[in-house]
Amino acid sequence: MSTRRMILHPADGVRAVGRATLATIRLVGAVAIFAARAVAAPGYAPRPLLEQLLRIGWLSLPVVGLTALFTGAALALQIDAGGQRFQAEDVVPAIVAIGMLRELGPVLGGLMVAARVASSIAAEIGSMRVTEQIDALVTLSTDPVGWLVTPRLWAAVLALPLLVGVGDVIGIMGGWLVGTTTLGFTSQAYLSNSWAYLETWDVVSGLIKGAVFGAIIALAGCWFGMRASRGAVGVGRATTNSVVAASVGILASNFILTSLFFT
């Protein structure tokens with residue numbers, strides 16, 4: 001039996017890169033148009049927005065709070081262990097506060113909400129897609145993007161900064177708890193050192209990140225939910241893809257925003 005060798009022309013690699021590039025550009029354009037439609041959609045009754053605020057904001061508070069509490073406590077222990085090598089243990093409160101406000105509070109809060117909310121949105125809208133409920137909305141002359149996507153988008157944009165703010169406070173209190181019980185700080189010394197080196201922009205930049213992360217989470221869940229197909233398998237795939245896309249989007253946008261804010 002003869003073996004045939006496949007000879008690849010250099011142009012084939014260029015074509016493959018070109019196809020991948022064009023597919024990426026088309027995807028980015030489609031998502032941008034989808035987001036623009038959601039923002040520009042006409043307003044509906046406030047009840048759907050309030051319901052989504054409750055789901056995304058209030059019901060996500062326990063997981064965000066616990067994540068922030070243990071993160072702040074662990075961060076204080078790690079910074080103290082590193083500071084002992086340079087006799088710089090006094091900087092523990094300030095670094096915990098700055099780290100929580102700038103990076104860990106928004107990013108970890110966003111990732112936890114992405115795991116909870118993006119999957120929920122994708123599963124809910126995906127189930128509506130495969131059971132033809134979205135087609136029924138179109139039949140009733142109702143814009144499915146305005147009815148399903150817009151309330152979730154605005155609710156996430158409003159709720160995430162609030163969750164980030166609460167998580168920042170809880171995270172700093174987690175560091176305070178460890179600092180006062182384990183690291184030998186007095187309560188007054190720890191809190192005064194925490195606030196002494198903080199700037200207003202440290203707080204504001206984290207809240208801006210929270211709003212951006214909220215938009216990414218809602219858009220990822222709605223985008224994959226609206227495109228779910230093939231029954232339960234399609235809904236499960238949409239749920240998984242939404243969490244992955246939201247998580248990667250949060251980390252990528254965090255790098256971009258950090259580069260813009262602090263360089």
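Along the sequence shown, residues are numbered consecutively beginning with 1.
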Using side-chain heavy atoms (C-beta onward) and a distance below 4.5 Å, is [X] in contact with [Y]?
X: I217; Y: I250; answer: yes
X: L108; Y: F70; answer: no
X: F213; Y: V164; answer: no
X: L148; Y: L137; answer: yes
X: V138; Y: P144; answer: yes
X: V212; Y: L160; answer: no
X: V92; Y: F185; answer: yes
X: V244; Y: F224; answer: no

Which distance, rounded to the nearest 0.5 Å, do you find between the [atom1] of [X] and the [atom2] of [Y]?
X: S120; Y: Q52; atom1: OG; atom2: CD; value: 8.0 Å
X: D143; Y: R37; atom1: CG; atom2: CZ; value: 5.5 Å
X: T71; Y: I172; atom1: OG1; atom2: CD1; value: 12.5 Å
X: L77; Y: L183; atom1: CG; atom2: CG; value: 6.0 Å
X: T21; Y: R26; atom1: OG1; atom2: CZ; value: 10.5 Å
X: L54; Y: S60; atom1: CG; atom2: OG; value: 10.0 Å

Has the side chain of [X] got a donor or acceptor atom that lies under 3.5 Å from a matching backbone atom of [Y]?
X: T258; Y: F255; result: no
X: K209; Y: E103; result: no
X: Y197; Y: A97; result: no
X: R129; Y: M226; result: yes
X: S119; Y: R116; result: yes
X: S205; Y: D202; result: yes
X: T180; Y: T186; result: no
X: T150; Y: W147; result: no

Take F261 and V204, measure what side-chain contact (heavy atoms from CB on, under 4.5 Å) needs, and give me the verdict at the end.
CA-CA 10 Å; F261 290 161; V204 174; over 6 Å; no
Consider only side-chain heavy atoms of I, L, V, M, F, W and Y, link residues closer than 4.5 Å, and tell whether [X] and [Y] are in one cluster.
X: L177; Y: L191; answer: yes
X: W58; Y: V117; answer: yes
X: I98; Y: W195; answer: yes
X: L66; Y: W176; answer: no
X: W223; Y: V39; answer: yes

So if I apply the side-chain contact (heavy atoms from CB on, under 4.5 Å) rule between I134 and each of I125, V145, T142, which one comes out positive?
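Testing I134 for a side-chain contact (heavy atoms from CB on, under 4.5 Å) against I125, V145, T142 leaves exactly one candidate, I125.
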Minimum-distance pair of heavy atoms, taken over all atoms of [X] and [Y]:
X: A159; Y: G57; result: CB-CA, 3.8 Å
X: M100; Y: D168; result: O-OD1, 3.1 Å
X: A38; Y: L153; result: CB-CD2, 3.9 Å
X: A218; Y: I121; result: CA-CD1, 4.3 Å
X: I216; Y: A246; result: CG2-O, 3.9 Å
X: N193; Y: A94; result: O-CB, 3.7 Å

Salt-bridged, E51 to R55, with N to O below 4.0 Å?
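A salt bridge is absent here (no side-chain N lies under 4.0 Å from a carboxylate O).
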Between L162 and L158, is the side-chain contact (heavy atoms from CB on, under 4.5 Å) condition met? List the steps.
CA-CA 7 Å; L162 298 176; L158 293 174; 5.8 Å; no
side-chain contact (heavy atoms from CB on, under 4.5 Å), that's the test. Do L53 and W154 meet it? Break it down for me.
CA-CA 9 Å; L53 280 172; W154 288 118; over 6 Å; no
Assess whether atom CH2 of W201 is packed by more than 12 heavy atoms of other residues, nucleotides or ligands within 6.0 Å.
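Check passes, neighbour count above 12.
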